[in-house]
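Let me begin by presenting the structure, written as structure tokens, before commenting on it.
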Amino acid sequence: MATKPRNAHSGSSGSSAADPKSQALEASRARPANEALRTNQGVKIADNQNTLRAGARGPSLLEDFIMREKITHFDHERIPERIVHARGSAAHGVFQVYEPMTEFTKAAFLQDPAVQTPVYVRFSTVQGPRGSADTVRDVRGFAVKFYTSEGNYDLVGNNMPVFFIQDAIKFPDFVHAVKPEAPNEMPTGGSAHDTFWDFVSLVPESTHMVLWTMSDRAIPRSLRTMEGFGVHTFRFVNAEGRARFVKFHWRPVLGSYSLLWDEAQKIAGKDPDFHRRDLWEAIERGDFPEFELGVQLVEEKDEHTLGFDLLDPTKLIPEEIVPVRIVGKMTLNRNPDNFFAETEQVAFHPGHVVPGIDFSNDPLLQGRLFSYTDTQISRLGGANFHEIPINRPLSPNVNNQRDGMHRQTINVGQASYEPNSLNDAWPKETDPAPRDGGFESYPEAVEGTKIRVRSESFADHFSQAALFYQSMSDVEKEHIVAAYQFELGKVTRPEIRARVVNEILANYDLDLAKKVAEGLGLPAPKKGAKAVGQQQSSPALSLLNRVKPGIRTRKIALLAAPGVDETSFKALRKKLEDEGAAPLLIAPTLAPVAGAHPDATIAGMPSIMFDAVIVCGGEASAKTLAQSGDARHFVLEAFKHLKAIAALGAGREVLKAAHLPDQADGVATGGDGDVDTVLKKFIEAAGQHRVWSRRAMAETVPA
Ligand code: HDE
């Protein structure tokens, strides 16, 4: 394992970080040391092993307040999980703006490059319950809480820039359709079932987003390398009161990568915590995940010039039309101290905004502004969830709200109303002039008839789906076809499958519709009744254009057994660490290899957990590995999953034993003395994440 210094700020290391939020949390941290066990009432406990009973073999006594208190508390340890986004993982960090954004927004945390704003970021899947697997095909939540000097700002986004529906009133329908089915609560964590496809085949506005979920974006390699999006159009407002529309983007500094579907499914079984573990371990290693914040700004006068409606959350603004301006960076540098207290209890809300950031009339956003506080009231048991340490703002939240379940604050004084004269009129609203930081809504002119309609400008459901599909590389297109075939293959009702192909896919890409139909044994579809034509492509949408060369933080298996060539093994490991990678020694057993303790066994950590594989040299080591079915399967699967492979010296025999071709793209081989040459070739291939050119060859290799 990479032997970088352990994260000094890590929660598990027990030391507290210096950022203001961490300092604010300190008062709530319980660190028992040299302290006797006590009851919740502070009474010391003499026996924590035995219930009070009438005689050694007699009945237990109701009088035992110690046992009853303990069991009662335990009985109530669970709270309702989130209705969506139940499974999540989070980290603390900081955000810093690169340059003052004064021209565009007065938000204080976007003004000064010297200011570090603490953040708490929760990533999540959407469909599955709290205990479901990380690597399912799903949208990922990407929720950021900025603890700014002016109060909390939450950017509650996803890893895809659009959404399934255009109006909040459809959200319960959509969620009921995608969640496990009512009679048997299946499937867990996925959308491959009748109710989901029934709904989306009847609701064409979902087309664009469903396509994103059939793409590789829905099976990210790591939470650290996912893009994030605010989805809705928001407003930036500057100190002069001038507003512009804004879309938010998060860009991982390491680039963006995905799993293969076969890998994702296997990992879901072998390590359901794959993403959670990856995030945690990277932070513990000191490989702090970094994301740059980008904005797309649109002048108010240009609102109607984009060819679609900015208020429609099923549309994105192609970057080729409005470039993404990178404005700052977020670094996740500390793991939480306590999953429940922080990750489970954190309460995000798109309505938590600060002066300088405001809403648009996107009807999905408007509905969300209601939903999030409402859900916390039942999830967190009352209206005082803002007092939970992870949710408390750094600025004081003084007001006249009082009482309620689990109230923590002891409000002192008689006056709980405003205006008052008893407390010299405090607390009171800010003066309008000169302004001193009070939130003022952007005074957008609004006039209209009270009416339930969808704007005509929201009616085109297929053009941007076509744009997305046509902007994909061949590899990504193949994956999309396979994903539709897989998902629809799980749908039991033939009429739903046919409806998706003929009434949805055939309206945005006939070639895709035909390929999917073929895999499902359906007749070749005809061009749809609402078919859209060829779109201008947007290369920025292809993940293959998001690759950043290099192997920083990539997990690399060093496959070895006793008798390994020690010199080349040590040189390899050192060079990989110098490149910033995370090499792990994987061996048949946990017995030392070349004096080093293996990080895991071959059976315990199969190749699906790694980005790339190196088979080390040494006759004896290679012989053991070549005879091991697990080791042969390890390299075979890495080959099939298009991973970079290197083999040194006798290590080449292991590839032979697995019947892998001698010459193949992304396979670097050489003698034990050729570490530098072999590594150069290996790093080039591993830095591309996958060796796509090996696809055809990999298919011929048995799984
Ligand atoms: Fe959410 N969403 N959502 N959502 N959402 C929730 O709030 C809701 C939507 C998103 O890590 C819930 O605290 C409605 C879009 C994330 O804690 C709930 C609508 C986007 C998270 C809720 C949407 C999101 C949530 C459930 C349609 C991307 C997890 C628990 C109008 C921009 C936050 C909770 C976390 C969570 C409602 C649509 C992102 C029920 C009504 C679009 C990342 O309030």
Side-chain angles (χ1 to χ4, degrees), residues 16 19-31 38-43 69 72-73 76-77 79-80 82 92 107-109 117-120 145-154 156 336-338 340-357 369-432 434-441:
S16 74
D19 72 72
K21 183 60 189 172
S22 182
Q23 285 163 5
L25 286 172
E26 184 53 29
S28 311
R29 289 194 180 108
R31 302 182 194 280
R38 289 176 192 261
T39 69
N40 288 337
Q41 303 306 318
V43 176
E69 181 195 81
T72 304
H73 195 275
H76 299 271
E77 272 178 9
I79 60 171
R82 288 164 174 83
H92 291 274
F109 78 107
T117 302
V119 296
Y120 195 63
K145 191 180 281 295
F146 297 83
Y147 302 93
T148 87
S149 60
E150 297 177 305
N152 289 349
Y153 169 53
D154 293 354
V156 197
D337 286 303
N338 184 288
F340 180 83
E342 300 176 272
T343 307
E344 200 56 14
Q345 294 203 108
V346 65
F348 293 95
H349 180 9
H352 291 166
V353 289
V354 287
I357 299 179
L369 297 180
F370 162 73
S371 179
Y372 287 68
T373 308
D374 188 44
T375 205
Q376 311 308 352
I377 290 171
S378 74
R379 193 170 74 81
L380 297 170
N384 286 317
F385 58 86
H386 60 280
E387 294 188 323
I388 295 173
I390 193 69
N391 294 325
R392 271 186 224 144
L394 288 174
S395 51
N397 50 0
V398 181
N399 57 40
N400 292 316
Q401 293 167 29
R402 289 291 184 274
D403 309 344
M405 293 279 203
H406 318 302
R407 183 70 172 177
Q408 309 285 309
T409 310
I410 301 173
N411 294 102
V412 177
Q414 269 171 289
S416 55
Y417 51 88
E418 191 274 340
N420 73 65
S421 68
L422 300 192
N423 195 37
D424 207 15
W426 294 104
K428 59 186 174 190
E429 62 206 23
T430 54
D431 288 333
R435 292 194 178 89
D436 60 358
F439 185 87
E440 292 169 297
S441 290

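Excluded from the calculations below are hydrogen atoms, water molecules and symmetry mates; all remaining heavy atoms, backbone and side chain alike, are included.
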- Residue pairs, two or more places apart or on separate chains, that pass salt bridge (Lys or Arg N to Asp or Glu O under 4.0 Å) and touch residues 382-410: Glu387-Arg407
- Message: Does anything in residues 417-428 form a side chain to side chain donor-acceptor pair (under 3.5 Å)? List the pairs, not counting sequence neighbours.
- Response: none
- Item | Non-neighbouring partners of Tyr153 that pass ring pair (Phe, Tyr, Trp, His ring centres under 6.0 Å), sequence neighbours left out | Phe109, Phe146
- Please confirm whether the backbone N or O of Ala108 pairs with a side-chain atom of Glu150, one donor and one acceptor, at under 3.5 Å? yes
- Message: Asn152 vs His386, test: side chain to side chain contact (heavy atoms under 4.5 Å, CB included). Steps then yes/no.
- Response: CA-CA 10 Å; Asn152 289 349; His386 60 280; over 6 Å; no
- Query: CD1 of Ile377 to CE of Met405: how many Å apart, nearest 0.5 Å?
  - Reply: 11.5 Å
- Note on the structure: When rounded to the nearest 0.5 Å, the distance separating CZ of Arg379 from CD of Gln345 is 8.0 Å
- Message: Can you tell me how far apart CD (Glu344) and CD1 (Ile390) are? Round to the nearest 0.5 Å.
- Response: 12.5 Å
- Item | Closest approach of Pro20 to Pro118 (non-hydrogen atoms, all atoms of both residues) | CD-CG, 3.8 Å
- Answer yes or no: is there a side-chain heavy-atom contact under 4.5 Å between Asn399 and Pro427? no
- Residues forming a side chain to side chain contact (heavy atoms under 4.5 Å, CB included) with Pro350, sequence neighbours excluded: Val156, Leu365, Arg368, Leu369, Tyr372
- Query: For atom CD of Glu77, is the number of surrounding heavy atoms from other residues, nucleotides or ligands below 6.0 Å larger than 12?
  - Reply: yes
- Query: So, for Ala415 and Leu422, which heavy atoms are closest and what is the spacing to 0.1 Å?
  - Reply: CB-CB, 4.3 Å
- Item | Distance in Å, Lys21 NZ paired with Tyr147 OH, rounded so as to fall on 0.5 Å steps | 4.5 Å
- Could you list the residues that satisfy ring pair (Phe, Tyr, Trp, His ring centres under 6.0 Å) with His352, not counting sequence neighbours? His349
- Item | Atom pair OG1 (Thr430) and CZ (Phe439), whose distance is rounded to the nearest 0.5 Å | 11.5 Å
- Query: With no hydrogens and no angle check, is any side-chain donor or acceptor of Thr39 less than 3.5 Å from a backbone partner on Gln41?
  - Reply: yes
- Task: For Pro355 and Gly437, work out which heavy atoms get closest and say how close.
- Result: CG-O, 3.6 Å
- Message: Using the rule given for side chain to side chain donor-acceptor pair (under 3.5 Å), can you reason through Thr343 versus Tyr120, listing the C-alpha separation, both sets of side-chain angles and the distance that settles it, and then say yes or no?
- Response: CA-CA 9 Å; Thr343 307; Tyr120 195 63; 2.8 Å; yes
- Task: Could you please spell out the steps behind the side chain to side chain contact (heavy atoms under 4.5 Å, CB included) verdict for Asn391 and Gln376?
- Result: CA-CA 11 Å; Asn391 294 325; Gln376 311 308 352; over 6 Å; no
- Message: Just to verify, what does Lys145 make a side chain to side chain donor-acceptor pair (under 3.5 Å) with, not counting sequence neighbours?
- Response: Asp154
- Query: Can you name the closest pair of heavy atoms from Arg29 and Arg31 and give their distance?
  - Reply: CD-NH2, 3.1 Å
- Looking only at heavy atoms, which two atoms of Leu380 and Ala347 are closest? And how far apart? CD1-CB, 3.9 Å
- Query: Roughly how far, to the nearest 0.5 Å, is NE2 of His73 from CG of Asn40?
  - Reply: 6.0 Å
